[in-house]
Structures are given as structure tokens and as C-alpha cells.
S.K.: 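Sharing a structure here in C-alpha cells format.
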Amino acid sequence: MVTHTYGIFYIMTGVIIPLVGVLFGYTAIFLKVRSVKMQIRQHQKSLATKTTTTETTTGVNDAAAEVKKKRPQKPGFTVDDVKLAKTLFAAFLVFLICWYGI
């Protein structure tokens, strides 16, 4: 009975708790990076809006602003978000394999 209790204790403190901590940390990193990227996109969008307003008053045609107008940003996951999620998931799997002892 003592050996069984020790095994449960070891699995909880040596495997489960560290895995939950790492999973929580990687999720927090993903969400923070995504929110910062969304803030940057919003800032760039506001700058593009100011630029196009200035262009219409001055008559200057900027090619970069035209491209931004043609490709509106959709809310949701971007390709970069998926790449980041895959990278963090791969790091989590490596951590899981190392701690699990496979």
C-alpha cells in the first residue's frame, strides 16, 4: 500500500503538476502574443486610415495604402497564429515525452 501511495504522489508531483504548469504557461504566452499582434494590426489599420485621409486631401497615391485597402483583415486566427500554436504544441510534446519517460 505504501508503494502505491508513493507512485500516485510521484505521478502527481513529478508529472501532472509540471505538465499543467507548462501547458498553462504556453497558453498564456500564445494568448499574450496574439493580443499584442492584434494591437499592432489595429494600430497599423489606424495609421493606414490616417494615411488614406491625408492622401485624399493632398492627392498623393500611395501603393502600400492601396494594398492595405484591398486586403481587409479578418478577425480570427492568422497563419502566424497557427505557426505559433504548432511551435508551442511541439515544445509541450517534447516536455511531455521527457518528463513521462517514454
S.K.: Enumerate, atom names and distances included, each donor-acceptor pair closer than 3.5 Å involving a side-chain atom of residues 11-29, sequence neighbours excluded.
M.R.:
from	atom 1	to	atom 2	distance (Å)
T13	OG1	F9	O	2.8
T27	OG1	L23	O	2.8

S.K.: In chain order, what residues pass the salt bridge (charged side-chain N to carboxylate O under 4.0 Å, His left out) check against D81, with sequence neighbours excluded?
M.R.: R34, K37
S.K.: Could you list the cluster mates of I40? Members are the ILVMFWY residues connected by side-chain heavy atoms closer than 4.5 Å, either directly or through other members.
M.R.: V36
S.K.: As an exercise, state the distance from CD of Q39 to CD of Q42, rounded to the nearest 0.5 Å.
M.R.: 9.0 Å
S.K.: Under a single-linkage definition using a 4.5 Å side-chain heavy-atom cutoff for Ile, Leu, Val, Met, Phe, Trp and Tyr, are V33 and V79 assigned to the same hydrophobic cluster?
M.R.: no
